[in-house]
Q: 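I am attaching a structure below and will ask some questions about it afterwards.
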Amino acid sequence: MTWRVLHRWLGLVAGAVALVLGVTGVILALDPMVDTLKSAPVPAGLPVSTLVQRVSATIPGAEEIRRLPTGDIVVYAFDGNRASASYVDAADGRVLGEYQPSAPLRWIRNLHRSFLLDDAGRIAAAGIALAMLLMSLSGLVLLARRMGGWRRLAGRVRGSLLQRIHVTSGRLLVAVLLLSSITALYMSAATFGLVTVERDGDPDVMSNVNVHADLPGHELPLLQKLPVAELRKLSFPYRGDPEDSWKVVTEHGAGWIDRHTGQTLAWEDTLTAKRLHDWVMLLHTGEGTVVWALVLATLGASIPLFWVSGLMLWRQARRQTPRMTDNSALSQADILIFVASENGSTWGFAQALHRALVRNGHRAHTSGVERFQTAAATRQVLVLAATYGDGQAPAHAARALERIARQPAGSAPVTVLGFGDRQFPAFCAFAEALDQALRTRGWPQLLPLERIHQQSAQQFMRWSEALGQALGESLPLDYVPQVPPTTPLTLISRQDFAGELGQPATILRFTWPPQHWLDRLRGRGLPHFEAGDLVGVLAPGSSVPRYYSLASGYRDGFLEICVRRMPDGLCSTYLHALQAGDAIRAFIRPNPGFGLDGSRQPVVLIGAGTGVAPLAGFIRGNRRHQPMHLYFGARDPARDFYFGKEIQAWLGDRRLASLRTAFSRTPDGGGYVQDALRRDATRVRELIARGAIVRVCGSRAMAQGVVETLNDILRTVSLNVQQLKAGGRYAEDVF
Amino acid sequence: MSRALIAALLAATTLTVPALAHSRPLTISTTLKNYSGNGAYLAVYVTDAKGAYAGTLWVSGGKAKYYKHLSDWNRLSAGSARGLDAITGASVTAGRTLKVTADVADALVDAGYEIRVDAAVEDLRDSPSEIRVPLTTTNAGKPHAGRQYIQSFTYQLQ
């Protein structure tokens, strides 16, 4: 919880100010980069002494030579009464033009580092840098949580377009953002003298005044050995001061040279702290580089993107926060409902339960499980808990377990209801952890832990009936599933198959209405989807959506599903009656964990019947020719070889590496898909041992059969499906 | 920063010379050129006939880490004038005028002493001893031009 709150508030407050730093940072990174690209190249190995000779010839009053980080050579001179600064070509000493640091750029730099407010502004800018550091760190923690662990950081990002923009760009730039904010803080510390970077003063040296004639600069031994590429600054001795000396600064140190004898009077190596400071400057400004400056400019430009997308995400989340009516105070309620919800759907169940209890005359109190506690008036406690990612608590409930462990057990029974998805190995793991913690503390229970799969309204009704019986009252629920906003999809074509007896199947292809990118950004209309995600379809007159696996991705430009007509199936019958041009109401539900994560590993796809649909979608989207091997079980090639023609085409253009089929109802058809796997045992074992990813789609019985077969096959290499699932390499989509 | 003169004066310092208690106020006025750059660091100080450091009248610019760029003053004074808040003010923006008053001992006037000004601007060339003016009654009121950042430098003796 704390990380999210930190991230949100720092983002809202400091992020607005960081916009200034981002925009000015782009300009500050790009301007010297242009100079770097334009700067006249210094001939390799050219010694400083030769440069001095050339410069003395063209600029008689030269007093100082500087090599800027961009590589440009600038000579400061004082001739007669006029001070000048000129760009010089190191190759011949030619004056290239006047050097005049740009006033607008100086203004922008002062805006960037101090908001034009001097020391107060510098402190503020350092505060913003610190805020950016914390935002990057908290963003990284949230990212890891969202992706289901640190090892999955590189996985494919799911969610709305806005979420993907925020998360993907954050993942790309978090390292640079961290580096920029740390280097900014170091530079602030150096400015305020908190770290010592340079020696206090110059050594007390003077030229030998017994010799009178000046030695020309090109005869000084130190300068003859020094290449221009290492030079930072060379100061000539003052004309009127016989004691004055040459001073040369390189990246390695500083030296003082007698103007008469040419002897090196003193040499001071650069302090380690100064070297570090130089590196910090380089990393922060990118001056003198092209690629790094571009990276920094990209980072600067991305800050408005982060801020705007973050702000919009925050507003969306706020709109989705549930409101409870007739919510009694915790101390006065006889029934407490505590909720752990990731995307808000669990609150919908809690609301229905709350309403039913209030109708029965109870005083109910509903709040987040992170506020878990009981009072004297409490008679019953109900905990409705969803699980996030691979078994974690939803973000807001992260501290709930600790809170429960700290409290002594009360006398009121606590009943836990878990919500989750059987797809995940850790199905309802957080609800189980809560239940476990409560029992360990010694809380009594009214009903044992129940687990609800994919927000099943039927399962929830059954549980509430049991609850009503236990409470000794009738508890009719008016639960209406919270259906996300739907998009009208128009059927453009259908491909019919005879299918199993009495259960014909059809592949339906839909399009969606043209969408403005602004609407997509705001999460309206059809979101981005991938093959393997689900489309929820609402049959007319029904509020319970049916879900179908997607056989295409958003990028394919159409939405395709394979539907078998079930006996008495309201939705499948409705879909089967559609003709080209008809429209349905539908929405997308992501199916994280089942989609492919974008790796280059080989993929073993195992499907039976209409379960081949999402697998066909994976192959269709395989434009990078990741090695994909399809094991397809059907009954009869004449009746239910779904996507048969496409599969042949995909074999032809290498989107599909190999195909093995098994037809259970034809003589010599090869039996079931498990039999096909067993016949190919050596190859399957090798593929999986080498790191292949496995995706299985079909009926529950078929999936169980595949698990047993694969466990047999993998026994000799000491692997099993459970391990593969734990490693995120094995996922099922079963119906 | 105000548009008007930088009237960061009032900081009265006394260059004390043993055995002579009499002193008189010295008003220094330094106008900067309209160079393109950030505010200038300035050190106004006095040296004797041999060029030895005698004392500091005023320093503009608060960050001691940059004092090494006022290199003559930094070397000659050997850091002895650091941290003297009473004679330290903000850096001076291009085109503006710094006006400060200090007390100098009578014995320093017309005795071969010299007023010097070191100047330095971020990213631009350091300009040590940009101004070197003998501290005499005849020189008082006469403007002197610097070579780098200082448009004119004048002092008044009362």
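The figures that follow rest on heavy atoms only: side chains count, while hydrogens, waters and symmetry mates do not. Everything numeric in this text was worked out from a predicted model, so none of it was measured.
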Q: Can you confirm whether Trp279(A) is buried at CH2, in the sense that more than 12 heavy atoms of other residues, nucleotides or ligands lie under 6.0 Å from that atom?
A: no
Q: Roughly how far, to the nearest 0.5 Å, is NZ of Lys65(B) from CG of Leu194(A)?
A: 10.0 Å
Q: Based on non-hydrogen pairs under 4.5 Å, which of Ser129(B), Ala145(B), Pro128(B) is most in contact with chain A?
A: Pro128(B)
Q: Which members of residues 242-255 of chain A, sorted by number, sit under 4.5 angstrom from chain B on a heavy-atom basis?
A: none
Q: Taking C-beta and beyond as the side chain, do Leu124(B) and Pro101(A) meet within less than 4.5 Å on heavy atoms?
A: yes
Q: So, taking the atom named CZ in Arg75(B) and the one named CE in Met206(A), what distance separates them when rounded to the nearest 0.5 Å?
A: 8.0 Å
Q: So which bits of residues 61-75 of chain A come within less than 4.5 Å of chain B, counting non-hydrogen atoms only?
A: Glu63(A), Glu64(A), Arg66(A)
Q: I need the minimum non-hydrogen distance between Arg106(A) and Asn38(B), along with the two atoms involved.
A: NH1-OD1, 3.2 Å
Q: Under 4.5 Å, counting heavy-atom pairs only, tell me which of Thr191(A), Thr196(A), Val197(A) racks up the most with chain B.
A: Thr191(A)
Q: If you define the side chain from C-beta out and look only at heavy atoms, does anything of Lys233(A) sit under 4.5 Å from Asp126(B)?
A: yes
